[in-house]
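Here's the structure we're looking at; comments come further down.
Here is how names work: the chains are called A, B, and so on, in the same order as the sequence lines, proteins then strands, and each is numbered from 1. Just so we're clear, the structure is a prediction, and the values are computed from it rather than from any experiment.
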There are 2 protein chains.
Amino acid sequence: MRKGEETRAKILDAAEAAMLAKGFGATSIDELIVETGITKSGFFYHFRDKNELAKALLERYIENDERIYDEIFGRAHELADDPLQAFLIGLKLLSELLSDLPNGHPGCLVATMCTQERAFDREIQEMNRQAALMWRRRFGAMFREIMQVYRPREPLDADQLADMVSTVLEGGIVLSKALKEPKSLPDQLLVFRSFVRLLFQPAVQP
Amino acid sequence: MRKGEETRAKILDAAEAAMLAKGFGATSIDELIVETGITKSGFFYHFRDKNELAKALLERYIENDERIYDEIFGRAHELADDPLQAFLIGLKLLSELLSDLPNGHPGCLVATMCTQERAFDREIQEMNRQAALMWRRRFGAMFREIMQVYRPREPLDADQLADMVSTVLEGGIVLSKALKEPKSLPDQLLVFRSFVRLLFQPAVQP
DNA sequence: TACACTCCTGTACCGCCGGTAAAGTTTTCC
DNA sequence: GGAAAACTTTACCGGCGGTACAGGAGTGTA
């Protein structure tokens, strides 16, 4: 039982790296079993087919993603009581974490599965949707907290602002990859951070 | 000659739709020739291999993309002399254009080829990079114009702001697809528009 | 009118890949 | 020690990307 999960994890690790680099279709089961040191039948013992693999992959990815956000914004809330300050600190911590990735962000599985949506079944598309909705709920709650203390200078919706976090992250990943500039992603996040600060901080001087 | 270009265009049309929907790997040449009403040999007469097809596809896509931006921001500059107003009008026009797409944005080829980068050769990766750099130059020039008239309230770099346009577009496309909410993309663009207005418009009241 | 050139079709073939089937073997855990 | 889990082995299938090459139809041109 323990051994099985280990092998499964090894397959998922290899698959995740390959899928993020080459996409779903270009990642062959054969290459995964070579990298994992397993036979083809061994692979199909763990996953009924490639779609099942994709599902397991996405599930694990989203869980990990949530864990990271929990940690970062949890830490941010320890460092500041004010909801705006906590959020700004969270964005900074996230930007620093992304800066520290040596080869840049490896890519977002949600995004790769969105840009290849018709290659996956409805269940996966629904998982993707739920992931995006969870991001909206998470950051939306933060913006609503902030709005109870600060009045935004522009009448923007908390959910739309929350979506902007996801947008900047997903867009920043794409741009970083296109430009081959890993710094772009953390930089874009800091630009967004400036916007948020500008939106909620009271106007300075007369 | 005329006939050949026509067939070529038909292949590219079918390929673009399929690639944006399913990705590169999941799009088979066989399905393209069925849709185009051509034989397999006929396909390989036009494109040496699948990578050649991808290259032609990307080239055409980027040209069209540039044309659209030329039109929209050209029109915006006709409607306002002030560079900030022109840019804000341009974003609004772009948002409206994206709102009018009945099934939402079909996806960005640059993004799909970035999220599957290792499936393509270096030439394509370089084309992608050049496309992102052109966006940066285009919007960077606009922000520099704006900055000659308005002082930003936060010390942000024109190129980073330019990249933010690409980020919001690419990220908005991903989010729209994930959420299955076509409105998200134009909405996110309008949120960004509010940020730009906030950044450059002088503070109201003492 | 003939030729050259573009734009294909037809046929036959190759190896990789996703997937199936089923029987057998080793490893792990209780 | 025995059952269940975790595989291996072998054999096979059809689809797909790609190659090779011969042939043919339509078109502009000398």
Does a side-chain N-to-carboxylate-O contact under 4.0 Å join B:Glu59 and B:Lys55?
->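 Here B:Glu59 does not pair with B:Lys55 in a salt bridge, since their nearest N and O are not under 4.0 Å apart.
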
Return the nearest nucleotide to the side chain of [X]; candidates are [options].
| X | options | result |
| --- | --- | --- |
| A:Ile38 | D:dC16, D:dT8, C:dT9 | D:dT8 |
| B:Ser28 | C:dC17, C:dT6, D:dG17 | D:dG17 |
| B:Phe44 | C:dG18, C:dG10, D:dG18 | D:dG18 |

With a 4.0 Å cut-off on heavy atoms, is [X] in touch with a base, just the backbone sugar-phosphate, or nothing at all?
| X | answer |
| --- | --- |
| B:Arg48 | sugar-phosphate |
| A:Thr36 | nothing |
| B:Ser41 | base |

What integer distance in Å separates [X]:[atom1] from [N]:[atom2]?
| X | N | atom1 | atom2 | result |
| --- | --- | --- | --- | --- |
| A:Asp30 | C:dC16 | CG | P | 9 Å |
| A:Glu52 | C:dG18 | CD | P | 16 Å |
| A:Phe43 | D:dA6 | CZ | P | 16 Å |
| B:Ile33 | C:dT11 | CD1 | C1' | 14 Å |
| A:Glu6 | C:dC29 | CD | P | 10 Å |
| A:Arg8 | D:dC7 | CZ | C1' | 15 Å |
| B:Lys40 | C:dT11 | NZ | C1' | 12 Å |
| B:Ile29 | D:dG15 | CD1 | P | 16 Å |

So does B:His46 get a side-chain nitrogen or oxygen closer than 4.0 Å to the phosphate oxygens (OP1/OP2) of C:dC7?
->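 Answer no for this pair, as no side-chain N or O of B:His46 is under 4.0 Å from OP1 or OP2.
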
So, is B:Tyr45 near the phosphate of C:dC7, with a side-chain N or O under 4.0 Å from OP1 or OP2?
->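 Indeed, a polar side-chain atom of B:Tyr45 lies that close.
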
Taking it one step at a time, do A:Glu63 and A:Arg60 satisfy salt bridge (Lys or Arg N to Asp or Glu O under 4.0 Å)?
-> CA-CA 5 Å; A:Glu63 272 169 24; A:Arg60 198 181 71 151; over 6 Å; no

Determine yes or no for a side-chain-to-main-chain donor-acceptor pair under 3.5 angstrom, with A:Ser176 supplying the side chain and A:Ile173 the backbone.
->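 No, the answer is negative, given that no donor and acceptor are paired below the 3.5 Å cut-off.
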
Ignoring hydrogens and angles, tell me if any N or O in the side chain of A:Arg193 forms a donor-acceptor pair with the backbone of A:Leu88 under 3.5 Å.
->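 Present.
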
For the residue pair A:Leu32 and A:Ala18, what are the closest heavy atoms and their distance?
->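 Heavy atoms of A:Leu32 and A:Ala18 come nearest at CD2-CB, 4.4 Å.
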
